[in-house]
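These notes concern the structure reproduced below.
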Protein chains: 2
Amino acid sequence: MNIGRAAKISGVSPKMIRYYEQTGLIPKAARQDSGYRDYDDADVHRLRFIRRARDLGFTVEQIGELLGLWSDRSRASADVKAFALEHIERLKEKMAEIEAMVRTLETLADHCHGDDRPDCPIIEGLAEEGGATPRLQPREPRRFGRSGGQSARRHAASSSNRTH
Amino acid sequence: MNIGRAAKISGVSPKMIRYYEQTGLIPKAARQDSGYRDYDDADVHRLRFIRRARDLGFTVEQIGELLGLWSDRSRASADVKAFALEHIERLKEKMAEIEAMVRTLETLADHCHGDDRPDCPIIEGLAEEGGATPRLQPREPRRFGRSGGQSARRHAASSSNRTH
DNA sequence: TGTGGGGCTTCCAACGATGGGAAGGTCAAG
DNA sequence: CTTGACCTTCCCATCGTTGGAAGCCCCACA
C-alpha cells in the first residue's frame, strides 16, 4: 500500500514516516515500480507501535530501544519493565516541575485582587528585587514545549520591535 | 557592566541574553567604546524578571507580553491575573496529559511480571492489534521535549538496520 | 487519447530555546 | 609584551513535526 494509506491507518503522518525511515528508526521501505514506498501490514503494525509509544511520551530514541525489545524474543520482561519504570520516573519529575510552577503561580494569583487597580503581586513577584531565586534549577533546561494549541502557529515573532 | 557579569547576577546566560536582544524581547544593549555590550541595574532587573518568568514556564513570546504588562503602569491587575490564570490552565492541561501517560504506563507495568520470562504486557500493549487507540489525541503534537538527561546525544540512529 | 487533480518523490526551511564552537577583537594582570 | 579571560559575530546542532516547492506518477473521466 502507499504511504498515505499506511499513514491513515497507523495514525502516523507521511512526513513522519519518511522521517523515521531517514533517521533509521524503521528500515527503508520497499518500493513499487513507480518509486512509491510500499507498506504491508507488518509495517503498519510497527508504525502503530511507534505511535502508541510516542503517545506515551517516549522519545524517538527510546522508541528505537522499545522496538529492539519488541523484536527480541529472548529478552526478559524485567528489561521492559525497568525501561518503563525509568520512563515513568522521568514523567513524574516533569509533572512535579510543572506542579511547582502551578503552585507558585496560584499563590501569586491568590494574592492578586484582579480588579482595575494596577498594583499586582504577580508582576511584583516576577520583578522582585531580593531573593533572586537563581539557583532553583541551576542547570535544568526544563522546556517541555507547547502542546495545547494546535492552530495558530505561523509567523511567530519576526517583528523585532517589542520594547523598542 | 559586561554581559558576563550581567549573566551571572541575573541567572540568564550570555548566549540567551544576546538571543533575547536579537529577537526583540529586550531592547538593544548599550555599547562600551570597545563594542562590548553594557548593562546597568535596570537591565539586570529585567533579565531577572525574564528568568523568573521562564522558570514559571512562560514562553518567550508570553514573556514579551508580561514585560509589556510590567511596564504599563495603567493596566489593571485583572489583566495580569487573567494572563496568569490562562497560563495555569495550560500547565494543568499539560500535567493532565502526562498524568494520563503515567497512569497507562503504570497499569501496563503492574501487569508485567518483571521476571526473566519474555512475555510482557507492556510491549504487548504497545503492539496490540485491536483497538488502535489512534483517536485518543487525533491532532495533538503533545511533545514537551526531554528534560532529564543532558549528556549523551550525538549520532542518534543512522544505522537503518533494525528489524532488518 | 488527453487532461486534471490528487498522491507521491526529494529537498529545504521553520518552529523554540538553548548550547557549542570558530575566528577574531579587547582588556587587565603579570 | 604576553597570556588568558572575556567579548564580538556567525554558523550549526538539537528534537519532533509541519509547510512548501518542484517535479514525477496514476487513475478516472471526458
Side-chain angles (χ1 to χ4, degrees), chain A residues 1-8 11-26 28-39 50-51 53-55 57-64 137-147 149-158, chain B residues 1-8 11-26 28-39 50-51 53-55 57-64 137 139-158:
Chain A
M1 74 185 80
N2 284 349
I3 196 172
R5 176 124 191 77
K8 203 157 291 174
V12 180
S13 74
K15 286 270 188 191
M16 291 313 300
I17 296 177
R18 296 192 196 100
Y19 171 74
Y20 292 150
E21 175 181 326
Q22 186 192 314
T23 57
L25 180 67
I26 55 180
K28 297 200 174 191
R31 297 289 180 146
Q32 303 164 245
D33 293 344
S34 59
Y36 287 11
R37 286 177 180 77
D38 198 11
Y39 298 92
I50 291 171
R51 191 175 129 56
R54 282 297 292 143
D55 285 346
F58 289 101
T59 67
V60 169
E61 191 175 1
Q62 290 173 321
I63 296 175
Q137 298 98 313
R139 51 189 66 252
E140 270 295 347
R142 166 234 332 95
R143 208 164 329 357
F144 72 76
R146 50 142 168 53
S147 90
Q150 79 283 29
S151 65
R153 186 99 336 102
R154 197 116 348 178
H155 65 45
S158 57
Chain B
M1 74 185 79
N2 284 349
I3 196 173
R5 176 126 190 75
K8 201 156 292 174
V12 180
S13 74
K15 284 272 187 190
M16 291 314 299
I17 296 178
R18 296 192 196 100
Y19 171 74
Y20 292 151
E21 175 180 326
Q22 185 192 315
T23 57
L25 180 67
I26 56 180
K28 298 199 173 193
R31 296 288 181 146
Q32 305 164 235
D33 294 344
S34 59
Y36 288 10
R37 286 177 180 77
D38 198 11
Y39 297 92
I50 290 171
R51 191 174 128 57
R54 282 298 293 142
D55 284 347
F58 289 101
T59 67
V60 169
E61 193 175 1
Q62 290 172 321
I63 296 174
Q137 299 99 312
R139 50 189 67 251
E140 272 297 348
R142 166 243 325 102
R143 207 162 333 355
F144 74 77
R146 47 133 172 59
S147 88
Q150 77 283 31
S151 64
R153 185 100 332 107
R154 198 112 346 184
H155 65 45
S158 57

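Since we're looking at a predicted model, the values are computed, not measured. Atom set for the values below is all heavy atoms of this structure, side chains included, hydrogens, waters and symmetry mates excluded.
The distance between atom CZ of Arg51(A) and atom P of dG16(D), rounded to the nearest whole Å, is 16 Å. In this structure, Ile17(B) atom CD1 and dA17(C) atom P are separated by 16 Å, rounded to whole Å. Atom CE of Met1(B) is separated from atom P of dC27(C) by 18 Å (rounded to the nearest Å).
Distance from the side chain of Asn2(B) is smallest for dC7(D) among the nucleotides dG19(C), dC7(D), dT18(D).
In this structure, Tyr20(B) reaches the sugar-phosphate backbone alone: every heavy-atom distance under 4.0 Å involves primed, P, OP1 or OP2 atoms, never a base.
Side-chain nitrogen and oxygen atoms of Arg54(B) include at least one within less than 4.0 Å of the OP1 or OP2 phosphate oxygen of dT18(C).
To the nearest 0.5 angstrom, Tyr39(A) atom OH is 4.0 Å from Ile3(A) atom CD1. Expressed to the nearest 0.5 Å, how far NZ of Lys8(A) lies from CG of Asn2(A) amounts to 11.0 Å.
The minimum heavy-atom distance between Pro14(A) and Gly4(A), with the atom names listed, is CG-CA, 4.5 Å.
Residues forming a side chain to side chain contact (heavy atoms under 4.5 Å, CB included) with Tyr20(A) (at least two apart in sequence, or on another chain): Val12(A), Met16(A), Leu25(A), Ile26(A), Ile50(A), Arg54(A), Val60(A). Residues passing the side chain to side chain contact (heavy atoms under 4.5 Å, CB included) test with Ala53(A), sequence neighbours excluded: Phe58(A), Ile63(A), Leu66(A), Leu126(B). Remark: Glu21(B) engages Arg37(B) in a side chain to side chain donor-acceptor pair (under 3.5 Å) (not counting sequence neighbours).
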Could you run down the sub-3.5 Å N/O contacts of the protein with nucleotides 9-13 of chain D?
{"residue": "dT9(D)", "atom": "OP1", "partner": "Arg31(B)", "partner atom": "NH2", "Å": "2.8"}
{"residue": "dT9(D)", "atom": "OP2", "partner": "Arg37(B)", "partner atom": "NH1", "Å": "2.9"}
{"residue": "dT9(D)", "atom": "OP2", "partner": "Arg37(B)", "partner atom": "NH2", "Å": "2.8"}

Got a list of protein N/O to nucleotides 23-25 of chain C N/O distances below 3.5 Å?
{"residue": "dG25(C)", "atom": "N2", "partner": "Tyr36(B)", "partner atom": "OH", "Å": "2.7"}

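Annotation: the terminal axes of the helix from dT1(C)-dA30(D) to dG30(C)-dC1(D) meet at 20°, where each axis is the rotation carrying the C1' atoms of four end pairs onto the next four (5 pairs per end, rounded to 10°).
Counting only distance, with no hydrogens or angles, the side chain of Asp38(B) and the backbone of Gln32(B) share no donor-acceptor pair below 3.5 Å.
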